[in-house]
Q: 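Starting off with a structure, shown below.
By convention in this document, chain letters (A, B, ...) are assigned in the order of the sequence lines, proteins followed by strands, and residues within each chain are numbered from 1.
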Amino acid sequence: MPELPEVETVRLGLLPALEGEVIKEVIVRRRDLRTPVPEDFEERVRDQKVLRLDRRSKYVLILLESGESIIIHLGMSGRIRIEEGNPPEPDKHDHIEFVTAGRKCIRFGDPRRFGFVDLIEAGGVDVYPAIAKLGPEPLSDEFDATLLIDKLKNKTTSMKAALMDQRIVAGLGNIYVNEALYRAGISPTRKAGKLTKPKAVKLVGVIKEVLVEAIKSGGSSLKDHRQTDGELGYFQHSFQVYGREGETCNMCGKTAIKRIVQQGRSTFYCSACQQ
DNA sequence: CGCTCCACCTGAACGC
DNA sequence: TGCGTTCAGGTGGAGC
């Protein structure tokens, strides 16, 4: 499911249920996620108070009073659902469950198991391998045209591939890269190293814009993504190119949206509006 | 090192 | 109804 806006939606949903709460119970039904859940995960989390919830790129970070952090990645199909009162039976893909002192039941489910849940020792977040290699947060002030141009310098790969590379900028995935390149009027096949300054300024602006809009919409629900209360996100209704092959471009009003494959992933774009 | 490809895993949609 | 194929929001390791 999840690119940055979907993960941020999940974090915002978890906030009222978890922040300042004590985790009283931890149930792990399957440990063989993308990386195995640590053997001692339950005992290190049980009875811990949650001090803070953060997000870095597509990762949710739950800081515990012990100084350790739970890190959650949703992979392609991960979901987090908060149940109140009497929770229903977990389904076959509900792998991990937390119950708070406030009797909220928080379930992590992930049919494809590309996601994971792990524990980071105190002070170790920045050196955790998946986190350490990440580029800047796209919504931070640090992410600007100068930085982007610098990161793309001498790159021979395509703009599409470059923006999908989490070391260049963190948190974008296939949907939002497609949508941002469309809004910026940049061809996904253009060589990344040749991005001009004015185009970079435009691109940085629309990346921030599309992410903020998507977060406000509760993310995009194609199939798996749900908010923590089970509601769908609705940014998919605002897609201009993603999944719209053959439909007429809204900008020029005459060209059909094309679909090509880059790096094994679908790219959608308007060949007239994106140069 | 830079870049591309592929595997990882399950389920849904589609064609026959 | 059923079976085979294709595709899916991500990531990281292999190989060139």
Q: How long is the line joining CG of A:L134 and P of C:dG10, in whole Å?
A: 14 Å

Q: Does A:T156 make a side-chain N or O approach to OP1 or OP2 of B:dC3 shorter than 4.0 Å?
A: yes

Q: Return the minimal non-hydrogen interatomic distance between A:S57 and A:L4, and the atom names on each side.
A: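 Scanning both residues completely, I find the closest heavy atoms to be O-CG, 4.2 Å.
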
Q: With rounding to the nearest 0.5 Å, note down the distance linking OG1 in A:T228 to NZ in A:K104.
A: 10.0 Å

Q: Verify the stacking flag for A:F114 against B:dC8: centroid separation must be under 5.5 angstrom and the ring planes must differ by under 30 degrees.
A: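 By the stated criterion, A:F114 and B:dC8 stack.
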
Q: From B:dC3, B:dC8, C:dT11, pick the nucleotide closest to the side chain of A:T157?
A: B:dC3

Q: Can you tell me how far apart NE2 (A:H93) and CZ (A:R112) are? Round to the nearest 0.5 Å.
A: 11.5 Å

Q: B:dC9 P sits how many Å from A:D224 CG, rounded?
A: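 Going from CG in A:D224 over to P in B:dC9 covers 17 Å.
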
Q: Any N or O donor-acceptor pair linking the side chain of A:R113 to the base of B:dT10 at under 3.5 Å?
A: no

Q: Closest-nucleotide mapping onto DNA chain C: is A:R112 or A:K133 further toward the 5' terminus? I mean the 5' end.
A: A:R112

Q: Using whole Å, report how far CZ of A:R167 lies from P of B:dG2.
A: 7 Å

Q: Suppose clustering is done on Ile, Leu, Val, Met, Phe, Trp and Tyr with side-chain heavy atoms closer than 4.5 Å. Which residues sit in the same group as A:L63?
A: A:L51

Q: Select from A:R30 and A:K155 the residue whose nearest nucleotide in DNA chain B is closer to the 5' end of that strand.
A: A:K155

Q: Of the nucleotides B:dG2, B:dG11, C:dT11, which one has an atom closest to the side chain of A:P111?
A: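 For A:P111, the side-chain atoms sit closest to B:dG11.
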
Q: Rounded to the Å, how far apart are A:R265 CZ and B:dC8 C1'?
A: 13 Å

Q: Would you say that more than 12 heavy atoms from the other residues, nucleotides or ligands in this model lie under 6.0 Å from the CG of A:D141, or not?
A: no

Q: Specify the separation, in whole Å, of atom CG of A:D110 and atom C1' of B:dG11.
A: 12 Å

Q: The side chain of A:H93 is closest to which nucleotide in this list: C:dG12, C:dG10, B:dG11?
A: B:dG11

Q: Quick one: salt bridge (Lys or Arg N to Asp or Glu O under 4.0 Å) partners of A:D118, sequence neighbours excluded?
A: none

Q: Determine, stepwise, if the pair A:Y128 / A:S69 fulfils side chain to side chain donor-acceptor pair (under 3.5 Å).
A: CA-CA 11 Å; A:Y128 188 80; A:S69 292; over 6 Å; no

Q: C:dC3 and B:dC9: how far apart are their P atoms, nearest whole angstrom?
A: 23 Å

Q: How close or far is atom P of C:dA8 from atom CD of A:E245, stated in whole angstroms?
A: 10 Å

Q: Using the criterion of both pairing distances under 3.5 Å for Watson-Crick and G-U wobble pairs, give all stems of 3 or more consecutive pairs involving DNA chain B.
A: B:2-8 with C:10-16, B:10-16 with C:2-8

Q: Contact class for A:Y176 (heavy atom, under 4.0 Å): base, sugar-phosphate, or nothing?
A: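 Result for A:Y176 = nothing.
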
Q: A:L222 CG to B:dA13 P: how many Å, rounded?
A: 13 Å

Q: Need one value for A:G264: base, sugar-phosphate or nothing, where a base atom within 4.0 Å counts as base even if backbone is also close, heavy atoms only.
A: nothing

Q: Roughly how far apart, to the nearest Å, are B:dG11 and C:dG12 at atom P?
A: 24 Å

Q: Taking atom P of B:dA7 as reference, at what distance in whole Å does atom CG of A:D32 sit?
A: 20 Å

Q: More 5' along DNA chain B: A:K92 or A:N154, using each one's nearest nucleotide?
A: A:N154

Q: Given B:dC3, C:dG12, C:dG10, which nucleotide is nearest the side-chain atoms of A:P2?
A: C:dG10

Q: Do A:S77 and A:D224 pass the side chain to side chain donor-acceptor pair (under 3.5 Å) test, and can you show the C-alpha distance, the side-chain angles, and the key distance before you say yes or no?
A: CA-CA 6 Å; A:S77 58; A:D224 294 301; 4.9 Å; no

Q: Could you pick out which residue, A:P129 or A:S266, lies toward the 5' side of DNA chain C when each is mapped onto its nearest nucleotide?
A: A:S266

